[in-house]
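Below: one structure, written as structure tokens.
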Amino acid sequence: VQQYFSQNCLVMAASKFETATHYKPGGTAILASESITANVKSHTRDRMGRWTSICLTTAVNRKIRIISAYQVCQNRRPGSNTAAAHQTAQIIQEATSENITIRPTPRQAFIADLQAFILHCQSEHEDIILAGDFNETLNEPTSGMGALAARCGLADLFSTRTGNSNIPATYQRGTKRIDFVLMSPSLLDTVITAGYDPFGFWLQFSGKTKVHGNLR
């Protein structure tokens, strides 16, 4: 990052477990670069790597918390080297150390912990921009993210812009929109552009070809 930007604030997070190979599932990151770096007031890392965040201040002393998040899939892949397995292990460890018998699933813990974090930020008078891969839609009856959005009073940016809660599809093997941006309603009118790179979009980075398909 320092080779490409003269100024930057890079925040990365992952689970505490080591892996046998260079590949480690899960984890999140967020990057502020160049002039906006001067506006970074604080940053945070989730203890399991489920989200990272930075807080920016504006010229009028407004505080904006930007969160990059990832929620594990509903159907967990077998094996110990998965994001869900790492989170399950940490949940069990934490519950055991505190003599807690109720142990939520990684997805239940994600919603509860992220909601608590956002509510705390809002109590500090921070506006919220939450972007991520949530592996569920907002309009499913059992959607944890739908409940979180309602509880925290966050608006769905793309639904507001397109007038359709189902587009654009962000699941390559289906038609669901499982990646989205939620934000404080007061920020909606300040958004100039928003979109996604297409599936299989190829970028040249550091001389190596990378596949990129995330929202921006």
Drop me the distance from T58's OG1 to N39's CG, to the nearest 0.5 angstrom. 8.0 Å
For F5, what residues pass the ring pair (Phe, Tyr, Trp, His ring centres under 6.0 Å) criterion, not counting sequence neighbours? none
Going by side-chain contact (heavy atoms from CB on, under 4.5 Å), M183 matches just one of T160, V191, L130, L154. Which one? V191
Testing the 3.5 Å rule here: is there a donor-acceptor pair between the side chains of T44 and S53? yes
For A147 versus Q115, what's the shortest heavy-atom pair and its separation? O-OE1, 4.3 Å
Hey, are S6 and E34 close enough side-chain-wise for a donor-acceptor pair under 3.5 Å? yes
Which atoms form the tightest heavy-atom contact between A84 and V72, and what is the distance? N-CG1, 3.8 Å
Does the side chain of D127 reach to within under 4.5 Å of the side chain of I129, using non-hydrogen atoms? no
Shortest non-hydrogen pair, S15 vs H86, comes out as OG-ND1, 3.2 Å
Quick one: do I30 and M12 satisfy side-chain contact (heavy atoms from CB on, under 4.5 Å)? Show the steps, please. CA-CA 7 Å; I30 190 167; M12 299 182 290; over 6 Å; no
Verify side chain to side chain donor-acceptor pair (under 3.5 Å) between R103 and T88, making sure each step is shown before the conclusion. CA-CA 9 Å; R103 298 169 180 176; T88 298; over 6 Å; no
Is it possible for you to say whether F158 and L187 belong to one hydrophobic cluster, with membership spreading through side-chain heavy-atom contacts below 4.5 Å? yes
Which pairs count as salt bridge (charged side-chain N to carboxylate O under 4.0 Å, His left out) when at least one residue sits in residues 88-101, sequence neighbours excluded? R47-E94
Is the backbone of T137 close enough, under 3.5 Å, to the side chain of S143 for a donor and an acceptor to pair up by distance? yes
Any donor-acceptor N/O pair, S184 side chain to I128 backbone, under 3.5 Å: yes
Checking the side chain of T28 only, and the main-chain atoms of G49 only, is there a donor and an acceptor separated by less than 3.5 Å? yes
Could you give the distance from CD1 (I102) to CD1 (I91), rounded to the nearest 0.5 Å? 13.5 Å
So the salt bridge (charged side-chain N to carboxylate O under 4.0 Å, His left out) pairs with at least one residue in residues 137-154 (sequence neighbours excluded) are E140-K176
Between Q87 (side chain) and M48 (backbone), is there a donor-acceptor pair under 3.5 Å? no
Spatial distance of atom CD1 (I64) from atom NZ (K41) [nearest 0.5 Å]: 13.5 Å
Verify the distance criterion only: is there a donor paired with an acceptor across the side chains of R65 and S42 at less than 3.5 Å? yes
Hydrophobic cluster membership, V181 vs L188, 4.5 Å side-chain cutoff: yes
Let me confirm one number: the OG-CG distance from S159 to N139, rounded to the nearest 0.5 Å. 8.5 Å
Treating Q7 as the side-chain partner and A38 as the backbone partner, does any N or O pair qualify as donor plus acceptor under 3.5 Å? no
For the residue pair F110 and W51, does the interplanar ring angle fall in the parallel (under 30°), tilted (30 to 60°) or perpendicular (over 60°) class? perpendicular
Yes or no on side-chain contact (heavy atoms from CB on, under 4.5 Å) for N135 and Q74, after CA distance, side-chain angles and deciding distance? CA-CA 7 Å; N135 282 303; Q74 186 74 262; over 6 Å; no
Spell out, as yes or no, whether a donor-acceptor pair under 3.5 Å connects the side chain of S68 to the backbone of T52. no
Nearest heavy-atom pair of P25 and Y23: which atoms, and what distance? CB-OH, 3.4 Å
Option among L114, L138, L119 that satisfies the side-chain contact (heavy atoms from CB on, under 4.5 Å) test with L148: L114
So which atom in E126 and which in C55 form the shortest heavy-atom distance, rounded to 0.1 Å? OE2-SG, 3.6 Å
Reported CD-to-NZ distance for the pair E18 and K24, which is rounded to 0.5 angstrom: 7.5 Å
Verify, without hydrogens or angle tests, whether R50 (side chain) and Q71 (backbone) share a donor-acceptor contact under 3.5 angstrom. no
Which heavy-atom pair separates G153 from P185 by the least distance, and what is that distance? O-CD, 3.2 Å
When rounded to the nearest 0.5 angstrom, what distance separates SG in C9 from NE2 in H43? 5.5 Å
